[in-house]
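Position 1 is the first residue of the sequence, and the numbers go up from there.
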Amino acid sequence: MRIITVGSLLVLSILVSGCSGPKGVTTSDKKSYVNEMVDKTLNELYLEYPQTKEKIQKSAGYGVFSNVNINVILLSAGNGFGAVIDNQTQQKTYMKMAMAGVGLGAGVKDFRAVIIFKNKETLNSFIDKGWEFGGHADAAIQADDKGASANTAGDINPDMEIYQFTKNGIALQATLAGTKYWKDNELND
């Protein structure tokens, strides 16, 4: 049973990984795709949580990420892409992300995360070191605008505020996960 679970997770991870990068042939196409995702995600965030617009404007900076996550029995994995914007300099850093965790659950979901950095030190540390550790619990049955989801995200860093919402997928999971973010060398050159 354990071998089947691990094997299933690996197969799903490989299938999902092809869907979780920015689309496009050229670097310019991929940057445009990320920028479009950032804009759409922020618009959705502001509709759902209007107070976040002012929080983001007053923050040191913010990150917006798209992630595809799978959970099979006790294991969870995901990967994605996004960008971090420094509000002071308006510099945009394109980033990749990968996530792994353990916990009960099953499902596949496509979700967005917005991270608000409350100070410059936390923002710079995230860009340079890019590590976030947190617990996640959610229930989601979502296809475009149909369905419903209940998401919550926790983080051990009080200098970051995270908003997360499901775009598409079916998932019922509670996991303890580590997420690694790093600079996308192709898009930042």
Name all residues meeting the side chain to side chain donor-acceptor pair (under 3.5 Å) criterion together with [X]; count only those two or more places apart in sequence or in a different chain, and write none if there are none.
X     : answer
Ser59 : Asn87
Lys92 : Asn35
Thr41 : none
Thr27 : Glu186

Please walk me through it: do Phe111 and Phe65 pass ring-ring contact (aromatic ring centres under 6.0 Å, His included)? CA-CA 8 Å; Phe111 73 90; Phe65 293 91; over 10 Å; no

Can you list the residues that meet the side chain to side chain contact (heavy atoms under 4.5 Å, CB included) rule with [X], with sequence neighbours excluded?
X      : result
Ser28  : Thr26
Gln88  : Asp86, Lys120
Lys183 : Thr93, Ile127, Asp128, Asn188
Glu54  : Lys58

What is the minimum heavy-atom distance between [X] and [Y], and which atoms define it?
X      : Y      : value
Ala83  : Val38  : CB-CG2, 4.2 Å
Asn119 : Ala60  : C-CB, 3.3 Å
Asn67  : Arg112 : N-NH1, 4.5 Å
Tyr46  : Lys53  : CE2-CA, 3.4 Å
Phe81  : Met97  : N-CG, 4.0 Å
Val25  : Lys30  : O-CE, 4.3 Å

Are the side chains of [X] and [Y] in touch, meaning some heavy atoms are under 4.5 Å apart?
X      : Y      : value
Asn124 : Phe117 : no
Val114 : Ile56  : yes
Met95  : Phe126 : yes

Just jot down the ring-ring contact (aromatic ring centres under 6.0 Å, His included) partners of Tyr62, sequence neighbours excluded, or say none. none

List the residues meeting ring-ring contact (aromatic ring centres under 6.0 Å, His included) with Tyr94, not counting sequence neighbours, and say none if there are none. none

In this structure, OG1 of Thr52 is separated from CD of Gln57 (nearest 0.5 Å) by 9.5 Å

Separation between CD1 (Ile116) and CG (Leu123), nearest 0.5 Å, reads 12.5 Å

Pairing residues for Glu36 by the salt bridge (charged side-chain N to carboxylate O under 4.0 Å, His left out) criterion, not counting sequence neighbours: Lys40

Salt bridge (charged side-chain N to carboxylate O under 4.0 Å, His left out) partners of Lys118, counting only residues at least two apart: none

